[in-house]
2 protein chains.
Amino acid sequence: MTPQRELVLGVVRSLGHATPEQIADAVPEVDPATVYRTLELLEDIGLVRHTHLGHGAPSYRPAEDDHVHVVCHACGRVLDAPADLVDGLEQRLLGEQGFRLDRAHFTVFGRCGTCGPAGGTAQASGGTP
Amino acid sequence: MTPQRELVLGVVRSLGHATPEQIADAVPEVDPATVYRTLELLEDIGLVRHTHLGHGAPSYRPAEDDHVHVVCHACGRVLDAPADLVDGLEQRLLGEQGFRLDRAHFTVFGRCGTCGPAGGTAQASGGTP
DNA sequence: ATAGCTGCAAACGGTTTGCCTCACA
DNA sequence: TGTGAGGCAAACCGTTTGCAGCTAT
């Protein structure tokens, strides 16, 4: 564990979820290339995990955060739902297809209650440009 | 509907799911830029849909294919599961969070039966490099 | 002396943009 | 004659790689 790795891990822990770029920005003293290499390493040794929250960049977070990611197409908000939300799905996939669901690497898309069934868009930040 | 758009739509329909790049490769007579612009347009008018199957490129398919995508981390295979697989999840999300799930834009990750609980990897093509 | 890690800078792949030309209404 | 679509090429972003210097064995 080098200082840079501690820093990156610290940022991942403090940000909750963040893209490599956000992480790199948060630790300007560490080279972006090192951030990428470190994230890969931290993931290999099981300290962090990543998820694809849509479009481009993956989102990294501490491995101990076990929850399901729910993303609103309209406002871009990322909600964290309890992991047990997918228990039923997990059972069915296992039973019907022998497929072992990886809950951590899992994102659900749709429209949050705030944004309503359609049209109304309670803009938060990113959204669906 | 221009010839190029017909071509792109045709390829999406014949490939089932494909990345913009694969589509562009399949229609060399259409410029890649046009492929991207066309896919966006076809999605706007509801003829195609896209999903994020992991890593980088999104996967486009005909809008009428309504199923859930299940991707194996180990072998990279993409299984199509019946859309009703997520009915339970859909209900819970709606009930508990007022969140309207978009089943089409939805990918489940894990390990398929062929690849087993761990270790054993029935390599197919891509996988997790 | 060796192995591993970092920073830097260049390369990279896929995607997006600007601009100009062409076809058609 | 005006509007929009397509091609081309350059720009772009996030990511990856090669290399050289440094540090701690």
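Hydrogens, waters and symmetry mates are skipped; everything else that's a heavy atom, side chains included, is used. Letters go in sequence order (proteins before strands), and every chain restarts at 1.
- One distance of note links CG of A/L89 with CZ of B/R92; it measures 11.0 Å at 0.5 Å rounding.
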**Message:** Across nucleotides 7-12 of chain C, 5' to 3', mark each nucleotide with B, S or - according to how protein heavy atoms within less than 4.0 Å reach it.
**Reply:** BB----
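- Expressed to the nearest 0.5 Å, how far NE2 of A/H67 lies from CZ of A/R103 amounts to 12.0 Å.
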Short heteroatom pairs, N/O only, protein and nucleotides 22-25 of chain D, under 3.5 Å:
none

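- Distances shown here put a side-chain N or O of B/T2 below 4.0 Å from the OP1 or OP2 atom of D/dG6.
- For the residue pair B/D80 / B/H17, a side-chain donor-acceptor distance below 3.5 Å is found, with atom types taken as modelled.
- In this structure a side-chain-to-backbone donor-acceptor pair under 3.5 Å is missing from B/S59 to B/T51.
- No salt bridge links A/E6 with A/R13; every basic N to acidic carboxylate O contact stays at or beyond 4.0 Å.
- Within 4.0 Å (heavy atoms only), A/P3 reaches no atom of the nucleic acid at all.
- Atoms OH and CD1, from A/Y36 and A/I23 in turn, are 9.0 Å apart once rounded to the nearest 0.5 Å.
- For CD of B/E40, the number of neighbouring non-hydrogen atoms (other residues, nucleotides, ligands) closer than 6.0 Å is 12 at most.
- Atom-to-atom, CD of B/E40 to P of C/dG14 comes out at 19 Å; the value is rounded to the nearest Å.
- A/I45 has its CD1 atom 11 Å from the P atom of C/dC5, to the nearest Å.
- Taking atom OH of A/Y60 as the reference point, atom P of D/dG14 lies 15 Å away to the nearest angstrom.
- Rounding to whole angstrom units, CG of residue B/L39 and C1' of C/dG14 are separated by 13 Å.
- Atoms CG and CG, from A/L85 and B/L93 in turn, are 4.5 Å apart once rounded to the nearest 0.5 Å.
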